[in-house]
Structure formats: C-alpha cells, structure tokens
Amino acid sequence: MGVTRRAILQAATAAGVVGAVGLGQTTPACAAVAASPPGDVVGKVTVGYQGWFACAGDSAPINGWWHWAQNWGQLPSTSNKAIVAWPDVRDYPTTYRTAFSNLGNGQPASLFSSYDQSTVDLHFRWMREYGIDTAALQRFNPTGGEGPTRDAMAGKVRSAAESQGVKFYIMYDVSDWTTMQSDIKADWTAKMRSHTASPAYAKQNGKPVVCIWGFGFNDAQRPFAPDQCLDVINWFKSQGCYVVGGVPTWWRTGDRDSRPGFSGVYHAFDMLSPWLVGRISNAGEADHFYNVATVPDLAECVAHGIDYQPCVLPGGVTERQRAHGDFMWRQFYNMGRAGVPSVYISMFDEYNEGNQIAKTAESQASVPAGSGFLALDEDGIACSSDYYLRLTGDGGRMLKGQTPLTPLRPTLPVPGGDAVPPTAPGNFRVTAVADTTVALVWTASTDNVGVTGYRIRRITDGVATPIGTAPANVTAFTVTGLTASTSYTFDVQAVDAAGTVSQPSPQVSVTTNGSANVNLALHRPTTASGSTQSYGPGNAVDGSPHTYWESANNAFPQWLEVDLGTATGARDIVLTLPPATAWATRTQTITVQGSINGTSYISLLGASPYIFDPSTGNTATLTLPTGATTRYLRLIFTVNTGWPAGQLSELRVYGA
C-alpha cells in the first residue's frame with residue numbers, strides 16, 4: 001500500500017482539545033447500548049490484523065521483505081526500512097536475519113514473517129490468552145501482484161483462528177482500488193466467501209461479518225460516488241452478510257474528513273466503525289472526542305438501529321503518545337462511561353505506523369543499535385513487551401462488565417511475575433563433531449517462574465529455524481542428519497512456565513567432518529551461457545540453498561561451468577534447487593563435460609534426466625566415472641519440465 005491511513009487522515013483533527021470532562025472524573029458506567037444482541041463483534045473486542053509482513057526465503061509468492069523494507073528486494077536496514085517500531089521476536093519459532101546492526105544487547109536483529117503459519121498461530125494464541133475476541137483481516141486490492149500472498153494469508157488466518165478459538169472476518173480496504181465496485185464482488189464470490197464455512201468465521205445476528213473500510217473519505221485514494229458505495233453495501237447484504245463500515249471520523253456531521261452527501265451510505269451499514277488514528281494523541285484529546293464524537297455518534301447509531309464500534313488506540317511509539325498506557329486506558333474508560341459495548345483496536349501488528357499492540361521492544365537493549373527506533377520505555381517508564389496486550393485484555397473485561405469501571409489502569413507496565421523472560425543460556429559450545437552430527441552443550445538458564453525447556457535453532461542466511469528441544473534438566477543436544485564437510489550455525493533459547501522465551505545464546509559455528517567430502521566448487525569462479533535478472537551463475541556456488549542460477553529462458557541448450565582451480569579427481573556432483581515447496585517437482589536433462597584447459601572438453605556423463613523433488617530435498621546426485629579428472633566442469637541443460645530454463649541452487653563437487 002502506498003500512503004498509510006494515518007498520513008491521509010491526520011490533517012482533519014478537530015480544532016481544540018479542552019474537554020468538558022476532567023481526567024479525575026469517575027462517572028458511573030452507562031448501560032451498554034447496541035442495536036443488536038451480543039455476537040462475534042457486538043459486545044466484543046476486535047483487532048485489526050494486517051498479516052502483511054514477509055521475508056526473503058519464507059516461500060511467500062511476493063518473494064521479498066514485504067512491508068519491512070522500502071525496497072522489498074533488499075535486506076531491511078537503517079537506510080531501507082518501512083517500520084517505525086521494532087517487534088519483540090523472542091517468542092517466534094522462525095525469524096529472518098536483517099542487515100540492521102545487532103540489538104543493543106548484542107543479539108542478531110531478526111524479524112518474523114506473517115507467511116509462516118507458526119507466526120500467525122502465535123499471534124492468534126496471544127489474542128486468545130489476552131482476551132481478544134475477534135480479528136479483522138485487512139484485505140487490500142487483491143487483483144495485483146500482492147494477491148496470491150494475501151489469498152494464502154486468509155487461509156493461514158483461518159487455520160490459526162480455528163486452532164486457537166478466536167473469531168475472524170474479512171475487512172476490505174478500498175484504498176487505491178479503482179475497479180473496486182466489480183472486483184470486490186468477484187473476490188468475495190470466488191475466494192473469500194468460502195472462509196465463512198469455518199466455525200471460526202465471525203457471525204453477527206446469524207450472518208457472516210464483512211467490513212468495507214474507506215467509503216466516504218474525502219481524499220483522492222477513495223473517490224467512489226455514493227451510488228457505487230450503496231451498490232456494494234446492498235450487494236453484500238443480498239449475500240446474507242452483516243456489513244460493517246470503516247468510515248470517516250466525521251461521518252455524522254458529513255464534513256472535514258468526510259465527503260458531503262454520504263449520509264445514506266453510512267446509515268446503510270449494519271455497524272459503523274469510525275477511524276481515529278491521527279485524531280487524538282493524549283488523554284485530554286481523548287476526553288474531547290468523548291464529548292464531540294463518541295457520545296453523539298452512539299446516540300445517532302441507536303436512533304437508526306445501527307451498531308457502533310469505535311476505535312481504541314495504543315498510540316504511536318515514534319510520536320511518544322503512549323504514556324505507559326495512560327492514553328489507551330483513558331479511551332477504554334471513556335468507552336465504558338459512554339455505554340459503548342464494542343471496540344476496534346487499531347491495530348494488532350501495525351509496526352509500520354507504530355500503533356501495534358503485539359509484543360514490542362521494551363528498551364534500547366531490544367532494538368537494533370543506531371536504528372533510531374524508540375522502545376516502549378521511551379518516556380522513562382519500563383514496560384513489558386506484552387503490556388498493550390495485557391491492557392487490551394483489561395479494557396475488554398471492563399467494557400463487558402466483568403470488572404468495575406475505573407479511570408485508573410489496573411495493569412502495571414511491568415508485571416511482578418510471568419512476563420520476565422529467563423536468562424539466556426550461557427557458555428554455548430560444541431563438544432563433538434562427526435560427518436553428520438554435532439553435539440552441543442550450554443549452562444542452565446534461570447527464571448522467576450521456572451525454566452521448562454530449551455529450544456535449539458539452526459541459523460541459515462540469518463533465518464533461525466527450530467530443530468529440536470531439550471527438557472529443563474538437560475543442557476545438551478545432538479544435532480543429527482547433517483551433511484559432511486558443511487558449515488552450520490546454531491543457538492539455543494530457554495522457555496519458562498509462562499511461555500516466555502529468553503534471548504538467544506551466543507551463536508556457535510562448526511563445520512562437519514569428512515575429508516573426502518570437501519565441496520571443491522564452493523565459492524569458485526563460475527561462468528554460464530546466460531542468466532535471467534539477478535539469478536547469476538555465482539549463486540550456484542555461494543553455499544546458500546536459497547539463491548539460485550537461472551539461465552536465459554526459452555533458449556535451450558544452456559550451460560553452467562565452474563573452475564575448480566586445478567585438475568582434480570572428481571567423483572560426485574550434487575545438484576540442488578531451493579528447498580521451498582513452492583518449487584514443484586521437475587526433471588532436468590543434463591550433460592556433464594570436463595576440461596583441463598577450458599578450451600577442449602570431453603564428455604564425462606551423457607545426457608540424462610534427473611528428478612528434483614521438494615519432498616526429498618530437491619537434490620540430484622551424479623556419479624562420475626572412476627578416474628575422471630577435470631578442472632573446468634560444465635553442465636549442459638537441454639530440458640526442464642518445471643520452467644523453460646536451466647536452474648540450479650547449489651553445485652557441489654566432491655573428490656574421488
């Protein structure tokens with residue numbers, strides 16, 4: 001998405017912030033008022049869920065650092081970033097190394113990918129644990145290049161919602177979607193409607209919920225006329241849906257951020273959720289909006305039989321708005337005393353604007369050094385990384401009448417117990433190395449509620465992937481199934497009884513044994529008959545399974561050659577393609593030639609088909625005749641059933 005909601009809407013803040021109600025007032029709670037009985041959105045806490053972060057190497061169709069970086073094709077760094085707040089990634093099973101400097105505590109600066117199912121599962125587990133009822137999955141124009149990734153994300157959200165017992169629904173954002181009127185209907189019919197069959201899909205008044213965000217805004221990104229908007233709303237209603245409208249702040253008065261003449265559109269929705277990001281920034285402004293927007297908005301909705309779901313904001317980290325929870329809690333209190341039964345938290349994972357409630361860096365020790373990011377302690381008060389999740393849970397309980405209405409936030413910024421992570425495992429080291437195994441040991445971690453186990457991870461190209469666990473009383477682990485003469489990097493984390501994860505231990509790197517299994521082609525000079533885009537021949541010998549060479553397309557035969565440096569007796573050639581399952585099984589027909597001088601070549605292996613199957617590692621092994629000696633090893637590709645070009649991620653050559 002080009003311009004953020006905040007950037008477009010911030011200019012329309014109402015004049016004046018002196019509220020009619022002071023910060024110390026403790027007006028009793030009003031009875032909750034709604035047109036509909038409690039359901040999956042009425043009387044519930046809903047969060048906006050972006051789910052739009054991807055990383056290179058995560059198998060997402062978008063194939064890049066989606067929403068983490070300005071240039072998705074390059075590693076996120078201080079000069080290439082699209083976020084303003086840094087996530088706390090200690091709980092994530094899989095993370096991806098960036099080009100940011102290490103964190104202030106010396107740990108690598110890594111990020112999560114929303115495309116990993118484990119990430120979405122973790123987010124929805126947090127929702128369940130912290131009392132969040134429903135997630136609104138943001139869906140922007142799905143007809144472009146982002147569409148396949150967004151389609152897949154809907155399935156991942158559905159799976160996580162079902163497994164964690166949280167509700168979800170589709171929230172269409174019509175920003176910059178010029179063909180929205182027809183596209184949105186086709187998308188719902190062909191793709192998104194199928195998710196309403198899930199028991200986790202949100203229902204209200206017995207109808208599947210769908211939200212449309214953006215009708216009526218007074219800006220160039222959403223230029224739709226009232227009749228277009230009414231057509232879409234009425235179409236969804238004809239499909240049996242309960243339709244929520246994400247509308248301008250001043251929908252009721254029809255001015256400032258709202259186009260005039262949209263009253264009929266707004267009143268056609270089943271529920272209205274006015275946008276608030278960029279409108280208020282402190283408790284005093286929250287009180288002002290209570291008087292000029294919340295109370296009269298609710299009355300207008302009640303008069304027209306419309307449900308009301310205003311926003312609650314944690315505040316921008318960069319703008320130093322959060323005031324260690326005072327700002328957000330004042331909004332919850334104002335909703336409670338107005339009798340508002342339903343709220344929309346803006347947002348769950350919006351690290352791009354900094355108004356996320358998901359776990360966030362607590363201090364400068366937890367952000368990349370020199371990055372300029374602020375942490376949750378920016379005002380001098382320490383806050384746990386999950387503080388705004390805990391505060392959301394408290395606010396939801398208060399609005400539901402489960403706890404008394406109070407202007408004083410009941411949750412302290414740092415809890416006295418469970419949120420304290422274990423200490424990082426110490427003295428992490430290798431004690432034994434073989435061809436295919438590595439033995440690791442470390443010293444035990446300590447924790448206030450007790451360590452329950454350890455998570456061992458392998459680091460590949462900055463991506464940390466769990467490979468095993470050890471119980472609390474065991475501080476050793478043997479990694480098996482490795483490849484001889486190959487370099488590996490590992491670390492270990494401790495997990496406590498509250499599910500809190502420690503910082504990783506220092507990393508250790510080791511090369512497995514196997515003198516006869518040294519890769520003679522690693523980092524050697526390569527040439528090729530041609531290549532496509534950035535997929536050059538050097539990618540085949542860089543030691544990374546995630547980069548690859550691809551020849552010119554539709555122009556067989558094509559060849560790839562490596563210079564081993566000296567005439568060498570070679571025995572085995574191991575060829576691989578990237579390990580991602582997105583690479584479907586394919587067969588490549590390859591001829592192997594060798595040369596001592598780089599001019600005269602002889603045939604070492606005739607043309608033969610080799611199968612590359614992701615389920616077996618996407619690897620093919622070619623065995624050369626006994627006594628084969630060569631310096632220049634050339635592979636000639638004539639057929640590829642998966643793509644009209646030669647493709648290779650790794651070319652490994654082993655001596656006789």
Side-chain angles (χ1 to χ4, degrees), residues 86-93 95 102-108 110 112 118 121-123 125-132 164 314 322 324-325 329 356-367 375-395 397 403 408-429 440-457 464 466 468-477 491-507:
W86 189 261
D88 176 0
V89 300
R90 287 175 295 184
D91 290 356
Y92 292 80
T95 57
N102 285 349
L103 306 184
N105 59 21
Q107 296 299 324
S110 298
F112 66 82
S118 61
D121 290 343
L122 177 65
H123 286 169
R125 176 167 67 82
W126 287 347
M127 294 179 200
R128 172 177 54 81
E129 292 175 346
Y130 292 97
I132 295 166
Q164 298 301 320
R322 298 201 170 197
H324 50 276
W329 190 255
Q356 74 289 338
I357 63 169
K359 293 188 181 184
T360 301
E362 300 169 345
S363 68
Q364 287 300 303
S366 303
V367 302
L376 294 184
D377 66 348
E378 49 79 20
D379 65 347
I381 304 297
C383 295
S384 65
S385 66
D386 70 339
Y387 180 48
Y388 290 89
L389 290 166
R390 293 190 286 120
L391 204 62
T392 297
D394 283 343
R397 285 186 289 273
T403 58
L408 302 176
R409 50 182 169 75
T411 293
L412 296 176
V414 177
D418 293 357
V420 179
T423 61
N427 197 23
F428 186 50
R429 62 196 187 278
L440 305 168
V441 299
W442 57 91
T443 56
S445 298
T446 60
D447 184 70
N448 64 315
V449 296
V451 172
T452 57
Y454 296 92
R455 176 192 294 167
I456 298 87
R457 306 190 304 175
T469 60
N473 62 342
V474 175
T475 56
F477 185 85
D491 68 18
V492 61
Q493 295 174 300
V495 182
D496 70 10
T500 309
V501 183
S502 76
Q503 292 287 353
S505 69
Q507 297 178 357

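- Annotation: ring-ring contact (aromatic ring centres under 6.0 Å, His included) contacts of Tyr92 (sequence neighbours excluded): Phe112, His123, Trp126.
- Between the side chain of Arg429 and the main chain of Asn427, a donor-acceptor pair closer than 3.5 Å is present.
- Side chain of Glu362 to backbone of Ser385: a donor-acceptor contact under 3.5 angstrom is found.
- Among Lys359, Gln493, Arg125, the single residue meeting the side chain to side chain donor-acceptor pair (under 3.5 Å) criterion with Asp91 is Lys359.
- Here the shortest heavy-atom pairing between Tyr387 and Arg409 reads OH-CD, 3.3 Å.
- Nearest heavy-atom pair, Asp491 versus Phe428, reported as atom, atom and distance to 0.1 Å: CA-CE2, 3.4 Å.
- For the pair Thr423 and Val451, the minimum side-chain heavy-atom distance is 4.5 Å or more.
- Partners of Ser363 according to the side-chain hydrogen bond (donor to acceptor under 3.5 Å, both in side chains) rule, which considers only residues two or more places apart in sequence or in another chain, do not exist here.
- Every ring-ring contact (aromatic ring centres under 6.0 Å, His included) that Trp442 has, sequence neighbours left out, goes to Tyr454.
- Residues meeting the side-chain hydrogen bond (donor to acceptor under 3.5 Å, both in side chains) test with Gln164, sequence neighbours left out: Arg128.
- The shortest non-hydrogen separation linking Ala424 to Ser502 is CA-OG, 4.0 Å.
- Once rounded to the nearest 0.5 Å, the distance linking CZ of Arg397 with OG1 of Thr392 reads 10.0 Å.
- Gln364 places no side-chain N or O within 3.5 Å of a backbone atom of Gly104 that could act as its donor or acceptor partner.
- Between Thr469 and Val495 the shortest side-chain heavy-atom distance does not fall below 4.5 Å.
- In this structure, the side-chain hydrogen bond (donor to acceptor under 3.5 Å, both in side chains) partners of Thr360, at least two apart in sequence or on a different chain, are Gln356.
- Note that OG1 of Thr452 and CG of Asn473 are 11.5 Å apart. Values are rounded to the nearest 0.5 Å.
- Listed by chain and residue number, His324 satisfy the side-chain hydrogen bond (donor to acceptor under 3.5 Å, both in side chains) test with Asp379 (two or more places apart in sequence, or in another chain).
- Interatomic distance, Leu440 CG to Thr475 OG1, rounded to the nearest 0.5 Å: 11.5 Å.
- Panel note: side chain Arg390, backbone Pro413; a donor-acceptor pair is recorded below 3.5 Å.
- Leu376 and Cys383 make their closest contact through O-SG, 3.7 Å (heavy atoms, listed as atom of the first residue, atom of the second, distance).
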Take Leu103 and Trp86 through the test side-chain contact (heavy atoms from CB on, under 4.5 Å) and record every step on the way to the result.
CA-CA 10 Å; Leu103 306 184; Trp86 189 261; 3.8 Å; yes

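- The nearest pair of heavy atoms linking Pro425 to Ser505 is O-CB, 3.4 Å.
- Nearest heavy atom pair, residue Asp496 against residue Pro422, reads CB-CG, 3.8 Å.
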